Amino acid sequence: MRKTPLFSVSGLRKSYGAQLGCRDVSFDLHPGEIMGIVGESGSGKSTLLSCLAGHLAPDHGDVCFDVDGTGLVSTLAMPEPERRLLARTQWAYVHQNPRDGLRMSVSAGGNIGERLMNIGARHYGNIRQDACSWMDRVELSVGRIDDRPATFSGGMQQRLQIARNLVTSPRLVFMDEPTGGLDVSVQARLLDLLRSLVQDLGLSVIIVTHDLAVVRMLAHRMMVMQRGEIVETGLADQVLDDPQHPYTQLLVSSVLQV
Amino acid sequence: MTEQIITPSANDKNDTTTHNPETHNFDATDSYNFAYLDEQTKRMIRRALLKALAIPGYQVPFASREMPMPYGWGTGGVQVTAACLTPDDCVKVIDQGADDTTNAVSIRSFFARTAGVRTTEATDEASLIQTRHRIPETELTEGQLLVYQVPIPEPLRFLEPRETETRKMHALSEYGLMHVKLYEDISQHGHIATAYAYPVNVEGRYVMDPSPIPKFDNPKMSDCAAIQLFGAGREQRIYAIPPYSHVKSLDFEDYPFDRLRAPGACALCGADDSYLDEVIMDDQGTRMYVCSDTDYCSTRHERGHVGDQSDLFDSEEG
Amino acid sequence: MFKITQLSKTFHLHTQQRAEIPVVCDVGFAVHPGECVALTGESGSGKSTVLRLIYGNYLARTGSIRVGSTEIVAADPRTILELRRTTLGYVTQFLRVLPRVPTTRVVAEPMIEAGHNATAADAHARNLLRRLRIPETLWNLSPLTFSGGEQQRVNIARGFAYDYPALLLDEPTASLDAINRQTVLDMIGNAKQRGCAIIGIFHDHAARKAVCDREIDISQFAAA
């Protein structure tokens, strides 16, 4: 691992009127690191993720990214075209509901190819080939490449969304409850797939979830959020096995044993 | 032509009577203003037109007025035409290439009545041609204006429904989505099946919907001597291509743009270079192909060109 | 290799009447390269807790734990991750892996993460599995479907896949038959020979006798 962070957040705050979204959020993420953010519904984790990914403008603080390996640059101060380009190339965002992250009226192949075409790919055969290899990589039958995602199951849609996001080899992936709403058996498969992709591609990931098992399996580090604030942060297994903050203890002890 | 557009409009009415003695039904005391629209509206539209010409392919919003015809009948094109007309103009109106369809006849008589300008069916005689869904076969010349009627000006609309987002995409030249549409075509049909309203890039900058002209006409837009103006009434947008602009139809390296034309020659005039309409002759599926551009076809016929079934032409004419 | 001084650990259970449970106090000992030390003491005396504190799995607040040149107490997560990747191995009693991942991959993973190429890591993993008598027919299956003893051996294979300079072993020979236990003891012996410092918990007397150079009774550090 390199010594300089890939992504750095400092003093982030976002409120909706009097309602607090999140506040005082600061952390660094290094290349290849996976950060889990957990907390119950309404704890501000989705707001935080939106701010990090540039979907929402925070009220205070800064979000920096090492765009070209020469050091951190503020993504908030950067001109919009650059930020959008960043979001389409070096970043990726996996939505909880695949319908939010896919074009439902476009075939699976078109969905995967879009980011390639966005950055200038103009050779149909090559785009098609890339789409095929990504279908295969996320364990979707290549025979379904011309089918619309509406005909896919939830787990397949989620895998398609992941392929669509990873096709441009991003360096940082934001995930919002990627396994939410899926059957347990499908979840396990998706987690396994995510983990091997993350390993093979050396991705950095910020993953928001309320499922502690997801964090244990995927994350190196984790942050626990409660009422918009980070109450505990540390090594993922340490926070799960030896939680310090009362809220984290409650969260961990509330998980049902199987 | 550009000079005429910015001619102080207040003089139009007076000019009419002095310069155009032979105009049809025009009467200076008629209750209509010259070319129907009031002068303030024409000024507003001309400003939009100038902006559109200055930024080729860019959609300029304008305050589209109610016109005495339904949306979808070319209210955008009519407003652009009205704002450009001078008493010296000679107007031609075509609908799918034909001068004699309801829409074309109505709009032609509308301007004959409200502006008192001359009208024609001959492409080379016209100084202003309003068109729905075709570009004339006869090559346009400097000084001519081609006004397109546009139903949906936003080429990205079908894939991105948010106007805020499409504007941003235009602003930042984010046009990957346009190719997603073409990709879908190839993946489903084996070739780019989009046959009309085929998206183009103007001068390497804005991607533009050329209105529902057949893609056969797309190459005519590039390096064209005439000014091309596009008006969308319901959507309240005007855009333009200045003369001799480079207009490129979008395509893939391995699936290059292809004009697409029905095979064979016109059954009436024998033209093998014009865009053909398919005409079903009977319930047995007998069909013939004829020029979609009626002026082009009849002019050729008059000059002695013949097709397989020219006798039909003669009997119609007779 | 290991140097532990004045290490204490107390659990604060906020959710259960704010209970405070002191586990160990003032732990201090050192382990040198090539040495294997057994932690002893009755059940509940804090042997596993000490191992977890050293691995960074439990958070130590006071004292010092040095593994090589790295200080664990108050280290930032990145330091601990790096230490685990290159220096410190840990064989737990229970196998904790993602479903669906084949056994060979589970075993090869620590090597791959430490930077070995995947093919070499895979070959090495196969050798270890063969040595620990995991039937070859199971290698491409997830170990989660295996029997307890097989899981334990996969866990050991994984722990020994990469030649860490320091190892923590939590009951590595429990639930193994005599032949496999001997294999594991041999592996521990080999690790010692190459200079690996080992701290282990062995309930099995014979095993402890066979590989351990010293015993440290953790109950002497019991919190008052």
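Predicted model only: the values in this text are computed from it and were never measured. To find a chain, count down the sequence lines: A is the first, B the second, and so on, and within it residues start at 1.
At a heavy-atom separation below 4.5 angstrom, chain B is approached by A:Ser105, A:Val106, A:Ser107, A:Gly109, A:Gly110, A:Glu114, A:Met117, A:Asn118, A:Arg122, A:His123, A:Tyr124, A:Gly125, A:Ile127, A:Arg128 within residues 104-142 of chain A.
Contacts of B:Leu172 with chain A are made by side-chain atoms alone, with heavy-atom separations under 4.5 Å and no backbone atom involved. Contact annotation for B:Leu159: both backbone and side-chain heavy atoms come within less than 4.5 Å of a heavy atom of chain A.
In A:Arg83, the CZ atom is crowded: over 12 heavy atoms of neighbouring residues, nucleotides or ligands sit closer than 6.0 Å. Enclosure of atom OH in B:Tyr196 is not indicated, since only 12 or fewer non-hydrogen atoms of other residues, nucleotides or ligands lie within 6.0 angstrom. Within a 6.0 Å radius of CD in B:Glu139, no more than 12 heavy atoms belonging to other residues, nucleotides or ligands are found. By the neighbour-count criterion of 12 heavy atoms within 6.0 Å, atom CD of B:Glu278 is densely surrounded, having more than that number from other residues, nucleotides or ligands.
In this structure, the separation between NZ on B:Lys168 and CZ on A:Arg84 is 5.5 Å, given to the nearest 0.5 Å.
Contact count against chain A (heavy-atom pairs under 4.5 Å) is highest for B:Phe252 among B:Phe158, B:Phe252, B:Tyr175, B:Tyr255.
With sequence neighbours excluded, the residues that form a side chain to side chain donor-acceptor pair (under 3.5 Å) with B:Arg157 are B:Glu163.
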